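Quantities reported herein were computed from a predicted structural model and do not represent experimental measurements.
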Amino acid sequence: MPEQSRTTIRVLVVDDEAGIRDAYRQILAESDVSQEVEGFRELRSRLFSRNAPERPGAKARSHGATFELVLCDQAAAAVAAVKEALARNQPFAVVFLDMRMPPGADGVWAAAQIRELDPAVEIVICTAYSDADPSDIGGLVPPEDKLSYLQKPFHPHEVRQMTIALGSKWRAERRIVRLAYFDTLTGLPNREQSHNRLVRALQAAKENDRTLAVLYLDLDNFKRVNDTLGHTAGDELLRLVAERLRNSLRDRVDTAIPGSGTGPRLGDLARLGGDEFLVLLPNLRSPADAAGVAERLIEALREPMQLAANSLAVTPSVGIAVYPQDGADAVTLLRHADLAMYVAKRRSPGTYAYYDASMNAIALHRFTIEDRLRGALARNELSLLYQPQFDVRTASISGMEVLLRWTSAELGVVSSAEFLPVAEETGLILPIGAWVLRTACLQAKTWSAEGLAVQRIAVNVSGRQFALAEYPAQVAAILRETGLDPAMLELEIGESVVMADETGTERTLKQLKQLGVSLAIDDFGTGYSRFGRLRHLAIDRLKIARSFVTSIINEGSDDRAIAAAIIAMSRSLHINVTAEGVENFPQLAFLQEQDCQDAQGFLLSRPLQAEEAQALLKRSGELGEGSRSQRFKALIG
């Protein structure tokens, strides 16, 4: 039988007599205990088995144990050794304590101090006197089931077997604790363990008048990974995230109060569940230092992660709550850090935010939106507007972009900037998105049947929709159901969604392209996509982000140069370009000079009700020959 891995039991021996310490050293020497165990098994087999095979000279080693021994001569030194062992994350399993160790403190004092430092350690009180009352000592050093007694003089077998038995008990309890208090996927402390750690850290902060901060992290694009690549890939991504966070925190010493410890313990980082993580900063010089840690964590995760053939970019949004100003108890601090994270994610994913009291009102409003949005479809509170898109070269209508609007009976008109992120986060965007696509296709089919010159209907696709493996099949089903020519449908996908998972995006875009629909990247330029990647994507159109169009009239501005470069490079790749947010004639003139194909914005037309859009399409079809300026004047007034 081959040699198997053996368990090392860390043992601390505390006795003031050098001879006794030397006896422990000989008893718990480096010799392999498994040989004795094997000999016992051999004897038992011969005594109780009828046909036991002969195994002369057997040297098999199976599940043996070795001892790592540390010796101390006084109680104070023992307490220091336990502290050091815990700091190195190498705790002792068993501690043998002599009852009396003059001239210093006795074993009971040492046991109480050690128990406070390490509640899990097995303590053995050793004494040559009969006046030691176990019940009295157990009351001073609870719990009693982790306190044993050994009478001097002891037999070597007693010490060895007691060490093996207590070491096995200690390991079994640690396994149970890990299952109860640690996340099995990442090995990090779980929600309950992190809560306990926070409670203790708050108590220490109160006693020492220190500042403490809680950082609540949530991954921005994680749901898309699970939806596109599966939960196995999602689990692997969480392990990679945990490792990067560990490494980022491991050398953090810049925010610690001098003399308060060297860097964070592993417990400072925890996984709360799903894609949520917690970082505890127990010793801050000032609340502002928490921002530096948040930036460090965000930067650590910003670099793409490689999962098999997929390169994934996942950023965290971080909320920060600080003791004592943001809460005096663990529950309040966690809730406020969570609120701050939510606000950071809504403002700009991949950033951080400190908690402030106004966020409570924001959270209440958000929960109200979610509650009312759940029944909005059934109550017919959702509607579509249609924003015309113009061919700036011919002054004709080239398409209609669909915009979703919500008028709540309770809340009134709710901004899409408010309810769309909630719909995305809660998954409500899936039934809403399907309704939008179906309604838009039916409207385009109706206009086409009336002979109106609508070339395309553009529908925005949310990241949650695009991540669904069955999304191309859903689009195909709606096209069949409505009877719309696929060539009339253009699907707009946000640049951040497209670039989050390049491999998955390429696959999905090809499937959609096979249906015959057109594909556009929305808000292009905000995510700094590489033009070289576009050659591998089945893209028909780029939509220049509104932020660039706003400042293109400023001579020498970077946005003007970027917009011109996007138009020129897209033309070389045979990709059409639409400029969003055109609000004045100088912007329109610039786009015409650069030979941009299409534009949309309030200068040309505000979003229209279906009846108004129908009238505009009809007027466009009735226009006769004329110059571009004349045609624009007739259409936009």
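Annotation: side chain to side chain donor-acceptor pair (under 3.5 Å) contacts of E192 (sequence neighbours excluded): none. In this view, K618 satisfies the salt bridge (Lys or Arg N to Asp or Glu O under 4.0 Å) rule with no residue, not counting sequence neighbours.
For E401 and N460, the side-chain atoms include at least one donor-acceptor pair closer than 3.5 Å. Side-chain N/O atoms of D220 and S317 include a donor and acceptor closer than 3.5 Å. Side-chain polar atoms of Q614 and E450 form a donor-acceptor pair below 3.5 angstrom. A donor-acceptor pair shorter than 3.5 Å cannot be found between the side chains of D371 and T368. In summary, the side chains of Q597 and R571 do not present any donor paired with an acceptor at a separation below 3.5 Å, with no hydrogens or angles considered.
If you run side-chain contact (heavy atoms from CB on, under 4.5 Å) between W406 and each of I432, L420, L373, only L373 comes through.
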Steps toward side-chain contact (heavy atoms from CB on, under 4.5 Å) verdict (N247, L245): CA-CA 5 Å; N247 292 337; L245 293 175; over 6 Å; no
Evaluation steps, side-chain contact (heavy atoms from CB on, under 4.5 Å), between M305 and L237: CA-CA 8 Å; M305 301 184 192; L237 178 61; 3.5 Å; yes
R302 vs E299, salt bridge (charged side-chain N to carboxylate O under 4.0 Å, His left out): CA-CA, chis, key distance, verdict: CA-CA 5 Å; R302 194 181 299 278; E299 189 62 29; 3.5 Å; yes
Stepwise salt bridge (charged side-chain N to carboxylate O under 4.0 Å, His left out) test for E612 and R606: CA-CA 11 Å; E612 296 173 310; R606 60 181 175 80; 3.0 Å; yes
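Two residues are said to be in side-chain contact when any heavy atoms from C-beta on lie closer than 4.5 Å; F524 and I566 meet this criterion. Residues L278 and L334 have side chains in contact (heavy-atom distance under 4.5 Å, counting atoms from C-beta outward). Side-chain atoms of F466 and L491, non-hydrogen and from C-beta on, never get closer than 4.5 Å to each other. Between I575 and M569, every side-chain heavy-atom pair lies at or beyond the 4.5 Å cut-off.
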For residues 576-583, run the donor-acceptor check on the side chains, cut-off 3.5 Å, and write out each pair with its distance to 0.1 Å, sequence neighbours left out.
{"unit_1": "T578", "atom_1": "OG1", "unit_2": "R541", "atom_2": "NH1", "d": "3.1"}

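Remark: the backbone N or O of S462 is paired with a side-chain donor or acceptor of Q465 at under 3.5 angstrom.
How far CD of E276 is from CG of D338: 6.0 Å, rounded to the nearest 0.5 Å.
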